[in-house]
Trainee: 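Starting off with a structure, shown below.
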Amino acid sequence: MDTNATKPWLFFDLVLVLSCRLACFSMAGDTLSAGQSLSASTRETIASQGGHFELGFFKRGIPSRIYLGIWYKKFEGEDIVWVANRENHLSDPSSSRLEFSDDGNLVLLESWPNSPFWSTDLTYRLPNSTEAVLRDDGNFVLREKSNPSSILWESFDHPTDTWLPGAKLGIDKITGKPKQLISWKNLEDPAPGMFSLSLDPKGRKQFVLQWNRSHVYWSSGLWNGKYFSSILENRSTYALNFSFVSNKNEYYFTYSLYNKYFSSKYVIEFSGQIQQQAWEDSGWVWKLSWSEPKLADVYSFCGAFGVYNEDLSNACGCLEGFKPFSIEYTNLNDSSGGCVRKSPLQCENRTYANGKNDWFLKMPNMRLPVNAEAHSAASARACEMACMDNCPCTAYAYNSNGCMIWEGALLNLQQLSDRGGAGQDIYIRLAFNELQSRKGYKWKVWVIAAVLTPALGLIVCLCICFSSRGNLNRKGEEASSNDLLLFDFNIELHAISDGINTGDTSRQRGKKEFDLPLFSYESVSAATNNFSAANKLGEGGFGPVYKGELLRGQEIAVKMLSRRSGQGSEEFKNEILLIAKLQHRNLVRLLGCCIEGDEKLLIYEYMPNKSLDYYLFDPIKAKMLDWETRKRIIEGIAQGLLYLHQYSRLRIIHRDLKPSNILLDSEMNPKISDFGMARIVGDTETQANTNRVVGTYGYMSPEYAMEGLYSIKSDVFSFGVLLLEIASGKRNTGFYNSESLNLLRYAWELWMDDRIVELIDQTIGYSSTASILLRFINIGLLCVQESPTERPTMSEAVSMIMNEHARLTTPKQPAFVRGRNMLAANPATNSAGDGSVYGLTVSIMEPR
Ligand SMILES: *[C@@H]1O[C@H](CO)[C@@H](O)[C@H](O)[C@H]1NC(C)=O
Ligand SMILES: *[C@@H]1O[C@H](CO)[C@@H](O)[C@H](O)[C@H]1NC(C)=O
Ligand SMILES: *[C@@H]1O[C@H](CO)[C@@H](O)[C@H](O)[C@H]1NC(C)=O
Ligand SMILES: *[C@@H]1O[C@H](CO)[C@@H](O)[C@H](O)[C@H]1NC(C)=O
Ligand SMILES: *[C@@H]1O[C@H](CO)[C@@H](O)[C@H](O)[C@H]1NC(C)=O
Ligand SMILES: *[C@@H]1O[C@H](CO)[C@@H](O)[C@H](O)[C@H]1NC(C)=O
């Protein structure tokens, strides 16, 4: 009964008050010797010599659980730094005690006789030969009575959730066991929680935070003897003296304080954050001086099916149709238990749902959960079916990245605020019952809002609108073989004009048709002021690019394929077919074309901010690309490229990705341009061969430059070079300011020396997002690996870029470092124009 249960504790508390008035003075100093014991009932403690720390029993929870622990004496037991029996609590205060066993070990016992709840792990010693002392640094030490300097056991070797100055975090080389911090389960329960801080299990010199001892969600960055590379704050003024020690038994980090009137501790909170707290001698509260990562970035912070929402008072909520796993835990701010379904799904239990179908609830503006699986479904409907047909599937999302599905628990969902605009829609599978219980629900029709055909506002009525698609519209799955035909670059150009409106079977399931306006030469000429020199934006390999303005004021860019260059025609055909079909916010949009006699013109949306190289490699203009912008540009390029590689069932390989082909709109959003070199490979084809190697040196992968082999992985290589260029502000080619012949080699040398931080563009200083750039550099290096199989796919790259928790592998030596660097080192081949706009910068090289 309750009343009975609380009685001993009433007594206990009374004793506490009295004993701390009396007993706390009368305790036998800092040492516990054989024959002595500490008892919970009298609340005896021992205190360290300087009075800093105290060891004794404390209780937590209802009904109370009893633990032996160490705390700061100054704060009267409210901040426990060490717990002996965190997994095995005592419960009877009248008989709980700490004493020596006959073999010299310290043991925690309750009532009589009993196997110990906790004990030190010495092998047999003579009785009465040992004693235990609490030192003033918070270390509880078991030593030989006859020889006080011989330490047999110490609490610093068995940390709980707190790292004190002088204690070690590391790995025992002999047993392989980590000395790590493990969070409490919650405020009231010191049992091991889900989060831990330990040295990188892969042996690198860095700390990592892990969830469930396996999933890394934060790392400190490598230790270079002075600082951790991802902890950028105040690196020159770390208030603590960290050191790394490696000997034959163990390797570990430890730290000391420069200022002895200052106290510090690192604690892994049950929220999953690592915090550094400090106080000065005069202070009476702990002050938070540093913490990582943001709560939103703690892995599974809100548990399975939980949703992180900054606007909620306790930050975590449950998805609709789910309830908290345990109210008790919720009151303790412990959300890690997550949420559970209110009613089982039909596919889990047919009888329960009366055979009624599960359905999907749309959650807008979410950060998507981790561990998505890509699915090949090519429409929202197909994606929904793919999830519905697969019982473990709990959610799907369909967007420009294609179809993603999730199986089992959804972790790391976050409701984003409306302001950011980075959120995406996710569809959560729920039982039919939940649909009924929603008030006034309306069955949603899953239609992708049909994006209207580009509103061109063309008054120029000389243009003949024709459908480049005609009878080739995609009708779901079965028509995609037609796409292949359409995209076959051997198709004759007149096939487009012949295909004008052969039946309008266009709008299928909200899919839009593509109308590509055909402009008359006259109208384009009028728009560009007769192709005047003043309107010329630049000159590409295949001809000049002009700025123009349509009658309604819409600005356009006109690429004119030069009459002289006979070789431009295949590229023209190719580009027109490709671009007409591609619609993505990170791809430049083709508004129309013009073919009259020998004249071939492409009409694009106008990009007021020129191309990336215009800013990136100019020391003054580079300042306009702050880290936020660079991050956005990298993400945009990655998304655009992913779209190309995964679009429908085709793979489109761009083959000429470089800064001058990345155009910037008025908000500095990147758009990939110039598809003159692009090629399509079939779904099953993983690579293709060409006898015409086109592209730009410095961005071509080795297998393509040397052997003419191209694949999606050659684009990944170019992307990797771009990433490194954006982070460093340096060109890969034309890189002469050190012995390193090119940027890749330079980056690799810095990486090997743990100095990769130095690669970051210095012109704009550091910021908090710079740590993200370090991740990007790591990803960049992975993308430029010599062997295509070692490079990630774009979808892997995108998930590494978009998800800061994603684990990064360590890159090996990239390409062009060894042997093949003669290509990149040849300055004559660097034909990238300086800020060329809409340029077709092409280098052609005959294969060997
Ligand atoms: C250990 O010490 C206690 C107290 O000093 C004494 O009573 C006891 O006999 C000793 N035991 C042994 C085995 O020496
Ligand atoms: C944690 O990991 C263990 C095994 O390593 C696994 O059995 C357990 O299911 C995991 N817990 C969660 C909540 O995923
Ligand atoms: C970094 O240093 C500045 C001033 O030197 C100080 O205001 C700031 O609080 C420090 N930040 C951290 C995280 O210690
Ligand atoms: C920093 O720690 C190392 C190793 O513990 C020690 O040798 C050194 O004296 C300390 N430096 C300062 C300035 O306290
Ligand atoms: C729970 O979390 C909220 C928000 O993080 C905090 O304000 C509150 O003090 C916490 N409650 C407890 C008992 O820790
Ligand atoms: C399915 O649901 C019914 C009705 O709630 C219940 O009686 C039955 O035990 C459930 N079966 C399983 C396998 O969970």
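Both ligands and their constituent atoms are indexed starting at 1 by order of listing. Remember, it's a predicted structure, so these values are computed and weren't measured experimentally.
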Trainee: I want to check something: taking the side chain as every heavy atom from C-beta on, are Asn412 and Phe301 in contact at a cut-off of under 4.5 Å?
Mentor: no
Trainee: Are a donor atom and an acceptor atom from the side chains of Gln206 and Asp200 found within less than 3.5 Å of each other?
Mentor: yes
Trainee: Under 4.0 Å from a heavy atom of Asn241: which atoms of ligand 4 are those, numbered in the order shown and with their elements?
Mentor: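 Answer for ligand 4: 1 (C), 2 (O), 3 (C), 8 (C), 10 (C), 11 (N), 12 (C), 14 (O).
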Trainee: Any N or O on Tyr258 sitting closer than 3.5 Å to an N or O of ligand 4?
Mentor: no
Trainee: Have Arg204 and Thr810 got a donor and an acceptor in their side chains that come within less than 3.5 Å?
Mentor: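 Yes, because at least one side-chain N or O of Arg204 sits under 3.5 Å from a partner of the opposite role on Thr810.
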Trainee: Using heavy atoms and a cut-off under 4.0 Å, could you grab the residues that are in contact with ligand 2, chain by chain, numbers ascending?
Mentor: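 Shell around ligand 2 (4.0 Å, heavy atoms): Met194, Trp211, Asn212.
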Trainee: Output all residues satisfying side-chain contact (heavy atoms from CB on, under 4.5 Å) with Ser149, sequence neighbours left out; order by chain, then residue number.
Mentor: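 Counting only residues at least two positions away or on another chain, Ser149 forms a side-chain contact (heavy atoms from CB on, under 4.5 Å) with Asn147.
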Trainee: Would a 4.5 Å heavy-atom cut-off, applied to side chains only, mark Trp211 and Val298 as touching?
Mentor: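 Of all side-chain heavy-atom pairs linking Val298 with Trp211, none is under 4.5 Å.
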Trainee: Report yes or no: do Ser48 and Lys73 form a side-chain donor-acceptor pair below 3.5 Å?
Mentor: no
Trainee: Could you tell me if Arg60 sits above the aromatic ring of Tyr67, with its cationic atom closer than 6.0 Å to the ring centre and no more than 45 degrees from the axis?
Mentor: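 No, cation not above the ring by the 6.0 Å, 45° rule.
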